[in-house]
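Protein chains get the first letters and strands the later ones, always in sequence-line order, with residue 1 at the start of each. As the structure is a prediction and not an experimental result, all values here were calculated from the model.
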Number of protein chains: 2
Amino acid sequence: MQVAETRKEQIYSVSSKLFREKGYSATSMRSLAEQIGIEAASIYSHISSKEQILNDICFSMADAFFAAVRQAIVENENVADKLRAMMTAHIYVIINNIDKAAVFFHDWRHLSEEAKSKFTSLRAEYEYIYRKVISEGKEQGIFKQLNEKFVTLTLFSTLNWTYEWYKPGITQLNAEEMVSELTNIFFNGIVIN
Amino acid sequence: MQVAETRKEQIYSVSSKLFREKGYSATSMRSLAEQIGIEAASIYSHISSKEQILNDICFSMADAFFAAVRQAIVENENVADKLRAMMTAHIYVIINNIDKAAVFFHDWRHLSEEAKSKFTSLRAEYEYIYRKVISEGKEQGIFKQLNEKFVTLTLFSTLNWTYEWYKPGITQLNAEEMVSELTNIFFNGIVIN
DNA sequence: CCTACCGATCGGTAGG
DNA sequence: CCTACCGATCGGTAGG
């Protein structure tokens with residue numbers, strides 16, 4: 001059941017789609033207006049600037065990632081389960097907001113200096129949550145004694161690349177199976193010992 | 001020993017740096033000229049258009065990736081060694097051309113339609129080379145019977161994310177150690193069995 | 001939500 | 001490699 005979008009919501013969803021396709025800078029307010037079916041000047045009765053759209057997209061995604069990871073943490077005791085649940089939650093946030101996620105990963109560079117530094121510090125905070133869980137797993141003898149930085153980097157690269165190739169309905173596997181494939185590779189590797 | 005850059009080479013290296021920082025669309029020919037120390041109009045005695053710069057960056061990187069992977073293949077017999085060498089070669093291409101690599105991964109979207117379809121088909125061809133090696137490893141009982149698509153996806157996401165965080169001189173590990181960490185995670189996973 | 005419009009900046013060319 | 005300049009387009013505002 002599709003709930004009718006308000007004009008403001010429509011501005012965000014159409015922006016996300018265009019920003020994803022063309023990039024933030026190459027998307028004009030006129031092309032946005034055209035897609036919506038109004039004049040460019042009319043957009044400004046709903047939002048204050050082009051940058052505000054980008055801002056709202058980036059920080060609402062950040063909120064979604066934090067909310068998802070917090071829930072995954074409280075719902076799990078065992079470290080491996082916890083990390084798996086965190087990864088699952090992260091991937092779900094991406095595939096449920098695929099255009100916004102692409103903008104989030106691509107276009108945060110175009111935020112104002114102030115917003116950008118807030119953004120990068122939120123991201124560092126988020127990564128730290130994962131890093132703590134990995135380090136907890138190492139202490140408990142569940143995870144190998146690997147360089148934490150590279151484990152985190154590999155983890156996020158795998159998770160975050162999802163937006164590049166995931167296409168709802170096109171990928172044969174559903175989200176659950178997809179997550180299980182990815183975590184399996186990350187947890188156990190591809191080589192038979 | 002630094003070899004003096006020709007003006008044309010300088011245009012490419014400064015462009016790569018600016019495209020990486022600001023993105024292709026948000027980089028003006030005037031800011032490029034300013035960085036070089038000439039007038040914007042003077043750039044056009046060395047190159048024909050802004051898009052040609054992007055084109056050359058993207059396709060010279062594609063050439064470098066193909067050359068690297070071909071060498072890795074002929075120099076190795078054993079499948080696991082071969083894949084490891086391919087990954088190493090891939091990462092070296094990235095870290096030796098870090099700005100160009102960032103442009104390659106980010107800004108190919110802004111190529112003309114014609115160049116873009118050539119680009120994506122080259123990329124598919126490249127990925128197929130990896131996929132064949134993975135499938136060879138599965139047949140030989142060296143690699144697990146995992147979904148090949150996800151193995152390739154995880155592999156490239158790990159490799160290609162490198163440009164995001166690698167900073168020459170800043171990352172504590174050298175390239176060789178870095179590659180060994182990443183392949184170790186990908187081959188054997190992070191969990192102790 | 002529209003018409004009418006602003007100053008700024010864009011990629012690029014002509015001609016030297 | 002520069003000066004001088006072009007038409008097009010940009011984000012955004014005033015006023016209704």
Which part of the nucleic acid, if any, lies within contact of A:Ser31, taking any heavy atom under 4.0 Å across all strands shown: a base, the sugar-phosphate backbone alone, or nothing? nothing

Whole angstroms only, please: what is the CD-P distance between A:Glu34 and D:dG11? 13 Å

Can you tell me the distance, in whole Å, between the CE atom of B:Met29 and the C1' atom of D:dC1? 15 Å

Does any nucleotide pair with C:dG15 by Watson-Crick or G-U wobble geometry, both distances under 3.5 Å, and what is it? D:dC2

Within the structure provided, determine whether B:Met86 and B:Ile129 are in side-chain contact (heavy-atom separation under 4.5 Å). yes

Which residue, A:Tyr24, A:Phe104, A:Trp108, A:Tyr12, forms the ring pair (Phe, Tyr, Trp, His ring centres under 6.0 Å) with A:Phe19? A:Tyr24

What integer distance in Å separates A:Ile47:CD1 from D:dG12:P? 7 Å

State which of D:dC2, C:dG11, C:dC1 makes the closest approach to the side chain of B:Lys50. C:dG11

Among D:dT3, C:dC2, D:dC1, find the nucleotide with the atom closest to the side chain of A:Ile38. C:dC2

Expressed as a whole number of angstroms, how long is the span from B:Tyr44:OH to D:dT3:C1'? 16 Å

D:dG11 C1' sits how many Å from A:Leu54 CG, rounded? 14 Å

Taking only side-chain N and O atoms of A:Ser28, does any of them lie within less than 4.0 angstrom of OP1 or OP2 on D:dT9? no

Contacts of A:Ala40 and B:Arg30 projected onto DNA chain D by closest heavy atom; the upstream (5') one is B:Arg30

Can you tell me which residue among B:Trp165, B:Phe186, B:Trp161 is in a ring pair (Phe, Tyr, Trp, His ring centres under 6.0 Å) with A:Phe150? B:Trp165

Rounded to whole Å, the CZ-C1' distance (A:Phe19 to D:dG11) equals 12 Å

The side chain of B:His46 is closest to which nucleotide in this list: D:dT3, C:dC1, D:dC1? D:dC1

Counting side-chain heavy atoms from C-beta on, which of D:dG12, D:dC1, C:dG12 comes nearest to A:Ser49? D:dG12

Measure CD1/B:Ile36 against P/D:dC2 and give the value in whole Å, please. 11 Å

How many whole angstroms separate atom NZ of B:Lys22 from atom C1' of C:dT9? 15 Å

Any base atoms under 4.0 Å from A:Ser25, or only sugar-phosphate, or nothing? Heavy atoms, all strands. nothing

Nucleotide nearest A:Ser42 (side chain, heavy atoms from C-beta), chosen from C:dT13, C:dC2, C:dC10: C:dC2

Which nucleotide sits closest to the side chain of B:Glu39: D:dT3, D:dG12, D:dC1? D:dT3

Given 3.5 Å as the limit, does a donor-acceptor pair link the side chain of B:Gln35 with the main chain of B:Val14, or not? no

Output yes when B:Arg109 and A:Glu164 qualify as a salt bridge under the 4.0 Å nitrogen-oxygen rule, no when they do not. yes

So what's C:dA8 paired with, Watson-Crick or G-U wobble, going by both distances under 3.5 Å? D:dT9

